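Before any comments, here is the structure.
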Amino acid sequence: HLGEGILHKAFSVFIFNSNWEVLLQKRSAGKMLWPSYWSNSCCSHPRLNEDEVPAAHRRISEELGISVSGLEKHFDFEYQAAFKDVGSEWEYCSVFTAYSNEKVKTNRTEVEDIKWVGIDQLTDMLSAETEKFTPWIKLEWAQLLPVLKSQQTRQINP
């Protein structure tokens, strides 16, 4: 993550509850890149030789203290983004959705705060408060939103 970074594998998960609200996390102030910025529910990297689905479940449990159902991969994309003069993310990222109604128990080393917001509310927040969000959530949400809009009428039973 130093300098321009090195391309590496990552994943991002958007977790929804039965009210079609998405869980956002505010990254810990101790993070090297984008500390105290709002982002998607969980994002991380698989370990060496670890498949991304078990990695996503592992990190959701480690960061948020919950389990999820219906983990579904929607797309992969590559992006590179620099954070001031500190370093960069250069990732080949898989984007997932999942569902849970469990009470979140955050790992304070990873997560400073959380909030549940509606789909339209997040879209508005990303437009109006863009400087408060990580660059990858903006890219991911733009691609994920049409999929979510088509699914929003279905009942969620996490």
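Treat the numbers as computed from the prediction; the structure is a model and nothing was measured.
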Taking only residues two or more places apart in sequence or in another chain, which ones pass salt bridge (charged side-chain N to carboxylate O under 4.0 Å, His left out) with Glu78?
none
For Glu140, what residues pass the salt bridge (charged side-chain N to carboxylate O under 4.0 Å, His left out) criterion, not counting sequence neighbours?
none
So, using ring pair (Phe, Tyr, Trp, His ring centres under 6.0 Å) as the criterion, who are the partners of Phe14 when residues are at least two apart?
Trp141
Who pairs with Tyr92 by ring pair (Phe, Tyr, Trp, His ring centres under 6.0 Å), at least two apart in sequence or on another chain?
none
If you draw a 6.0 Å radius around NZ in Lys132, do more than 12 non-hydrogen atoms from other residues or ligands fall strictly inside?
no
[X]: partners by side-chain hydrogen bond (donor to acceptor under 3.5 Å, both in side chains), with sequence neighbours left out:
X	value
Glu131	none
Thr106	none
Lys9	Glu52, Ser94

Which salt bridge (charged side-chain N to carboxylate O under 4.0 Å, His left out) pairs, counting each pair once, include a residue from residues 29-48, with sequence neighbours left out?
Lys31-Glu110, Arg47-Glu62
My understanding is that only residues two or more places apart in sequence, or in another chain, count here; which of them pass side chain to side chain contact (heavy atoms under 4.5 Å, CB included) with [X]?
X	answer
Leu139	Phe77, Tyr79
His74	Glu72, Thr97, Leu144, Val147, Gln151
Val53	His57, Leu71, Phe96
Ala10	His45, Glu91, Cys93

